[in-house]
Structures are given as structure tokens and as C-alpha cells.
**Student:** 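Quick one: this structure, given as C-alpha cells, is what I'll be asking you about.
The chains referred to below are lettered A, B, ... by the order of the sequence lines, with proteins before strands, and numbering in each begins at 1. In this text, all values refer to a predicted model and were calculated from it rather than measured experimentally.
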Amino acid sequence: MTPLIEARGVTKILEGVVPVTLVKDINLAIMQREFIAITGPSGSGKSSLLYLLGLLDLPTIGDVLIDGRSTNLMTEDECAEVRLSRIGFVFQFHFLLPEFSITENVALPMRALGRLSSRAATLRAEELLISFGLRDHLRKTPDQLSGGQRQRVAVARALANDPPVILADEPTGSLDSLATAQVFGILRDLVTLRGKTVVAVTHDINLAVQMHRRIHVVDGKLAQFESPASVASIPQA
Amino acid sequence: MTLILTIAWTHIRHRTRQTMVAIAGVITGVGFSIMMAAMMEGSQNDFIKTLVDALPHISVTDELREPTRQPANIVYRAAEFHGLTPKARRPGIKNPMAIIASLQTWIPGALTASVQSKAVLRYARRNLTISIVGIDPRTEVGVSNLSTHMRQGTLSSLYRASNAILLGDRLANKIGARVNSNVTLVSAEGAVMTARVVGTFHSGFRITDETTGYVLLKTAQILEMQTGIVNEIRVRTSDPMNARLISERIGEQTGYKSISWQESQEDLLSTITLRNVLMYTIVGAILLVASFGTYNIISTITHEKTRDIAILKSLGFNNKTILSIFIVEAGLVGLVGALLGWGFGYFLTWGVALLEFKTPFSDDTHLPVLYSIKHYLLATGVALASSLIAGYFPARTAARLHPVDIIRGAT
């Protein structure tokens with residue numbers, strides 16, 4: 001079975017007066033319907049690894065394969081196209097566009113992909129938001145919502161183009177416990193009910209233990225690695 | 001495209017004050033450019049029109065392009081003689097009527113024969129040297145606007161008396177002559193005649209109105225003491241701008257000196273060209289300054305929107321789309337500014353046209369302006385181009401942003 005995302009000997013070095021190695025020789029395969037936690041201390045390279053897996057950043061050495069396809073030879077626009085159609089991102093600070101309504105925020109990736117008309121994209125965005133309990137807030141802008149609601153909008157936006165993989169960078173890092181539980185529940189449901197693969201960077205060990213697999217990163221290297229064998233035990237939707 | 005427009009419109013809509021300032025800059029630039037162009041080209045056209053109306057488009061005189069060769073020079077290759085009286089050439093154009101008939105076959109326009117002469121005008125113990133132009137009133141109508149410049153009398157009034165003269169109004173005022181006054185004319189050839197003033201004209205050119213008198217062709221020939229002499233053929237072409245080419249051809253055909261109005265007024269026209277260069281430089285500078293406003297707003301938006309650009313890029317928006325968003329924003333500022341600038345420019349032009357202003361060249365009391373769509377399109381084109389260029393550089397910087405750098409910084 002071809003991994004959805006595969007890292008082959010990925011190293012990322014930040015060039016500068018003193019070069020800094022963010023990620024070192026990572027080999028990793030992410031399969032379909034996995035719910036993976038990337039854990040590790042601050043500055044260990046968790047987020048950098050996530051950005052490399054999501055093609056937001058390019059490895060200095062090694063290769064990232066998406067659906068078995070090498071991204072080393074892809075142009076910047078081709079990488080953007082992959083991000084648009086195959087990967088959904090959720091960040092710690094929601095990163096919604098403040099001047100647009102939450103419906104518009106969710107519709108933007110769909111309109112950028114161009115598979116749906118503006119009207120159809122809006123309808124689908126509304127459906128997604130309603131499914132996340134935001135029916136009463138469709139016309140509101142992000143600043144009119146609570147932190148938990150904003151993060152739910154961010155998840156809805158990540159799902160806009162129905163990508164098989166959601167990459168989340170500390171999605172609950174700035175939320176209170178109630179909102180954390182809600183957002184984590186949504187991410188878990190994406191795997192169990194919608195068959196998505198979710199890779200989330202988290203500091204929260206309580207959340208990490210609820211996930212199917214944990215990848216522990218220390219000093220840019222995989223310190224502890226659980227194989228994808230446990231995938232078989234993931235409950236079916 | 002609608003997505004790009006949506007994002008661009010949202011960005012500038014949420015920065016009302018900054019957008020308004022940028023648009024106001026473009027409006028001012030476009031408005032003043034239109035006004036400047038209208039004023040400059042209006043006065044230029046007015047001047048040329050007056051010039052073209054007052055002067056024959058082409059003047060063929062009895063002078064030769066090359067001086068007449070003396071008999072000794074014809075006989076000997078190298079000769080130097082002293083004390084010989086040079087052979088005098090009989091003044092006037094040979095067979096003028098035949099030449100006119102020949103030219104009429106191909107020149108688009110009208111021709112007339114005339115006699116140019118100088119005379120001393122005596123009246124009330126004042127002596128003034130004036131130019132006498134002998135004309136044929138029937139054909140004169142076709143080559144000059146003299147008939148429309150008449151203040152008193154008509155061209156036909158020249159037939160009212162045996163020696164009738166039309167004087168420039170300034171000349172008549174200067175010497176105190178009125179219609180029916182009798183003035184004395186003494187030509188350079190020594191002919192003396194009493195002429196009756198039968199009318200006055202006003203061409204708008206001070207020099208003409210102060211020093212010119214029109215008489216019948218026959219009267220001028222008497223003053224020149226040469227029966228049948230015609231020393232000038234004046235031509236009015238259908239298109240004054242073709243005068244130079246036609247003039248050259250006439251010169252080749254007749255051998256006489258043929259001068260177009262452009263040639264005779266070359267100094268003035270080159271001044272106008274210089275003025276145009278200055279005008280377009282100033283207009284360009286105004287629009288360039290306006291474009292700094294656009295640069296400022298787009299630069300500010302891209303700076304403020306750094307994080308949003310990173311978000312869009314992380315979502316999968318490509319560089320071209322990001323670049324397009326900000327260029328469209330600049331284009332919107334330029335377009336809206338230019339369109340509103342049309343109204344402002346029209347208003348300014350209208351206002352300037354109302355101003356009373358006395359020019360040394362004509363009697364118009366208002367600044368002549370030209371309403372031309374060309375000025376509006378030109379100003380719009382330059383404003384749009386400068387806005388797009390002003391928007392391009394910050395947009396390019398925005399499109400090159402590496403999203404991870406911003407996202408790392410934000411988190």
C-alpha cells in the first residue's frame with residue numbers, strides 16, 4: 001500500500017552565519033486513516049517536520065513523496081497545487097483571514113482549486129461549518145467568534161477541498177480545556193468517521209496517548225517511533 | 001479571476017482612508033494632466049488656427065530659389081569682373097495666369113494672384129510705411145479669411161472707387177482715417193496716388209492690422225508701375241497640414257520660391273514642439289507623483305497582509321495568484337482614480353476656460369482649451385500603467401514570501 005506521505009532521509013538545515021539543523025535524516029511513512037501525534041520538547045523540530053511533510057518547506061537533503069510521487073522535482077506551483085488539493089492545514093492560531101466571513105474563509109480554497117463555482121463553494125462551506133456546529137455564525141468574521149469556534153472554522157477550511165490528509169500544528173495549543181476537547185473530538189472524527197489521515201503536532205501528552213501512533217522528535221531526529229502496524233486496530237467508520 | 005477580484009476588493013474596501021488617499025492622488029494627477037493638456041493644446045491649436053487663417057497656406061513669390069546667374073558667369077567658368085552693372089531681372093511671375101491654371105489642375109484648394117508692394121501712406125501729415133496687397137476680391141475669398149475679418153465695408157467695396165483701399169483697423173485708428181477718407185500712397189517706384197478708404201478689417205494679428213492695406217490687383221500694379229505684374233500666387237489648401245509637401249512640388253514645377261506656412265513660421269512651430277515636450281514632461285511628472293500614492297497603498301497593504309499572504313500560500317495559492325491579487329488592487333486604485341479624474345479634469349478644464357486672459361497673439365479674452373478624448377485616454381493610460389507598475393513591485397515581494405518564515409514568526 002502506497003503511503004500518503006513518505007519522508008525519505010529528510011534533513012532541513014537553515015542556512016545562515018551559523019547553519020542550524022532543524023530536522024535530521026527523518027524516514028517516515030504516513031498511511032491512510034492514521035491518527036498520528038508528533039510530540040517532543042519545544043524547538044525539537046516537530047513543526048518543521050510537519051511543514052516539510054506538508055510541502056510548506058523544502059528539505060535540504062532527502063525527499064518527500066506524496067502518494068508515491070517525489071516532490072523534489074516539483075515546481076513551486078506544483079507543490080502549491082498539491083497543498084491545495086491533497087493536504088489540509090490547521091495551525092495553532094487559526095490563521096483565518098480577518099476581513100472575510102467564516103463562510104468565505106472556508107470557501108476560498110475551493111474557489112482557488114476551481115472545481116466548484118463560487119455559489120457551490122459557498123454552499124459546501126456552509127455545510128461544513130454547520131456540521132461543526134457553527135450554523136448561527138456563518139456570516140460572522142473570525143474576530144466575532146471564540147477561540148474554539150475559530151479553530152473549528154480552521155478545521156472546516158482544511159477540509160474544504162476534501163483532502164485525504166490533515167496536518168495540524170498544535171491545533172489545541174491556544175484553547176481552553178473545553179474547546180480542546182471539542183477540536184480534538186473533531187479531529188478524531190475526521191479519522192474515524194470520514195476516513196481521513198490526521199497528523200497533529202502536540203505538546204499535550206493526554207491527547208497524544210489517545211491517538212493511534214506517536215512520533216517523538218528530539219533535536220530534529222526521531223527519538224521514538226511507533227510503526228504503522230497499529231493502523232489495523234483503528235476502528236472503522 | 002472572480003476570486004482574485006473578491007480578495008483584492010476586500011483588501012482595499014477595508015482600508016477606506018488609505019484607498020481614498022491613493023485614489024485622490026490619481027484623481028488629482030489625471031485631472032490636472034487633462035487640464036494641462038487641454039490648455040496647452042487648446043492654445044496651440046488656437047494659435048495655429050489664427051496663423052493658418054491669417055496667412056496663405058502657400059505663398060509663391062517671384063523670387064528664385066537660386067540667384068540669377070550673371071552673363072559673365074555663364075560664359076566663363078572662372079571670371080572676376082569689377083564695375084559691371086548686374087543684369088536686372090524683370091520683377092514678377094512670368095505668365096502667372098498660365099501657372100495658376102496649371103496648378104489648379106492638381107492642387108486641392110484655391111489659388112489667387114496678388115501683388116505685394118510697399119508704399120508710404122500719407123494722411124493728416126503722418127507718413128507710415130505700409131504693405132500694400134493687391135488682390136482680386138472674387139478669388140481672395142477662397143484663399144483667406146479677409147472677408148470674415150471685415151469690420152467696415154466688404155471686399156466688394158474695393159470696386160466702389162477707382163483707387164479704393166481697405167485698411168487694418170489699428171492702422172486706420174493710428175492715423176485717424178475713417179471710411180471715405182482719402183489717403184495718399186507713394187510707392188517705392190515713385191508712383192503717387194490718392195486712394196479712398198472703403199473699409200477696415202481686423203485679422204487679430206497686430207502686425208497685420210497695423211501695417212497692411214488691401215487694394216485691387218490693378219491698383220497695386222499701377223503703384224508698381226508695371227502693367228499686369230503679379231509677384232505672388234497665394235494658395236489655400238484643403239488640408240493645411242499638407243501645405244509643406246504641396247509647396248515643395250509647386251517649387252519644383254514653377255522654379256519660383258514657394259513657401260508653406262509651416263516653413264515661414266518655422267521658429268514658432270519649433271517653439272510649439274518644445275512647448276509640447278515640456279507639457280508632456282510635466283503631465284508625466286504629475287502622474288508619476290500620483291503613482292507614488294498607489295505604490296504607498298499597495299506597499300502598505302502587502303506589508304500589513306504578510307501573514308494573510310502566508311496563509312493563502314499555505315492553503316495552496318500559487319505565486320501568480322498572489323501577484324495578481326495585489327496588481328488588481330493597484331489596477332482598481334488606478335482605474336477608479338482615472339475615471340473620477342475624468343470628471344475632475346473636465347471640471348478643471350471648464351473652469352480654466354472661464355478665466356479671462358489676454359494673449360498677445362489674438363483678441364480672445366478667454367484661455368482657449370481643447371476638449372479631446374485623446375487627453376483623457378492618454379492620462380488614463382499613463383495613470384493605469386504607473387499604478388500597475390507601482391503595484392507590481394510590492395506585489396512581487398509579497399508573492400515571493402516564504403510562508404513558513406511568516407508562520408514560524410507568528411507562532
Side-chain angles (χ1 to χ4, degrees), chain A residues 12 14 22 42 47-48 50-52 54-58 75-101 104-114 117-119 121-122 141 154 157-158 160-161 163 167 169-170 173-174 201, chain B residues 1-19 297-298 300-329 332-333 395-411:
Chain A
K12 177 68 185 180
L14 267 191
L22 298 176
S42 293
S47 295
S48 298
L50 194 79
Y51 299 150
L52 288 163
L55 308 187
L56 272 182
D57 208 353
L58 298 173
T75 63
E76 207 175 326
D77 282 356
E78 284 170 333
C79 286
E81 177 73 22
V82 170
R83 283 203 300 275
L84 193 60
S85 58
R86 304 291 294 162
I87 300 166
F89 273 101
V90 180
F91 299 97
Q92 180 179 358
F93 300 102
H94 64 81
F95 279 171
L96 298 170
L97 301 177
E99 290 145 345
F100 293 85
S101 71
E104 287 170 326
N105 263 288
V106 176
L108 277 178
M110 292 184 252
R111 292 179 65 186
L113 191 61
S117 66
S118 172
R119 176 81 193 126
T122 304
T141 50
R157 185 181 62 186
N161 287 325
L167 302 180
D169 187 8
E170 304 206 34
S174 59
V201 167
Chain B
M1 188 60 193
T2 50
L3 173 65
I4 291 167
L5 261 179
T6 306
I7 298 174
W9 174 242
T10 307
H11 278 170
I12 57 176
R13 190 162 51 91
H14 281 81
R15 272 155 197 78
T16 316
R17 191 178 55 81
Q18 288 163 310
T19 306
I297 176 80
I298 302 302
T300 306
I301 289 177
T302 52
H303 184 71
E304 286 178 359
K305 292 279 131 199
T306 304
R307 200 191 67 146
D308 291 9
I309 293 163
I311 295 168
L312 291 173
K313 291 192 82 172
S314 71
L315 292 177
F317 281 62
N318 58 32
N319 288 356
K320 195 177 143 195
T321 309
I322 302 288
L323 186 76
S324 303
I325 289 168
F326 293 101
I327 286 183
V328 165
E329 285 175 27
L332 281 173
V333 168
R396 191 181 59 169
T397 310
R400 285 176 176 174
L401 277 175
H402 206 341
V404 170
D405 298 337
I406 313 303
I407 290 166
R408 273 207 192 97
T411 53

**Student:** Between B/Glu329 and B/Arg13, does at least one N-O distance fall below 4.0 Å, as a salt bridge requires?
**Tutor:**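 So B/Glu329 does not pair with B/Arg13 through a salt bridge.
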**Student:** So what's closer than 4.5 Å to chain B heavy atoms on A/Leu113: side chain, backbone, both or neither?
**Tutor:** neither
**Student:** For A/Glu76, which atoms come within 4.5 Å of any heavy atom of chain B: side chain, backbone, both, or neither?
**Tutor:**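 Looking at A/Glu76, just its side chain touches chain B.
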**Student:** Using the side chain to side chain contact (heavy atoms under 4.5 Å, CB included) rule, take A/Phe91 and A/Glu170 through it: C-alpha gap first, then chi angles, then the decisive distance, then the call.
**Tutor:** CA-CA 6 Å; A/Phe91 299 97; A/Glu170 304 206 34; over 6 Å; no
**Student:** Using non-hydrogen atoms only, which part of B/Ile7 is less than 4.5 Å away from chain A: side chain, backbone, both, or neither?
**Tutor:** both
**Student:** Tell me, side chain or backbone of B/Leu315 under 4.5 Å from chain A's heavy atoms, or both, or neither?
**Tutor:** both
**Student:** Are there over 12 heavy-atom neighbours, none belonging to A/Glu78, within less than 6.0 Å of that residue's CD?
**Tutor:** yes
**Student:** Of the backbone (N, CA, C, O) and the side chain (C-beta and beyond), which part of A/Ser48 lies under 4.5 Å from a heavy atom of chain B, both, or neither?
**Tutor:**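 Looking at A/Ser48, backbone and side chain both touch chain B.
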**Student:** Does any heavy atom of chain A fall under 4.5 Å from the side chain of B/Thr321, the backbone, both, or neither of them?
**Tutor:**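 For B/Thr321, no heavy atom lies under 4.5 Å from chain A.
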**Student:** For chain B, which of A/Leu55, A/Leu97, A/Leu96 has the most heavy-atom pairs under 4.5 Å?
**Tutor:**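 So the answer, after comparing A/Leu55, A/Leu97, A/Leu96, is A/Leu97.
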**Student:** So, A/Asp169 versus A/Ser47: side-chain donor-acceptor pair below 3.5 Å or not?
**Tutor:**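 Yes, A/Ser47 and A/Asp169 have a side-chain donor paired with an acceptor closer than 3.5 Å.
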**Student:** Can a salt bridge be assigned to the pair B/Lys320 and A/Asp77 using a cut-off of 4.0 Å between side-chain N and carboxylate O?
**Tutor:**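 No.
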**Student:** Quick one: do A/Glu104 and A/Arg157 make a salt bridge, cutoff under 4.0 Å?
**Tutor:** no
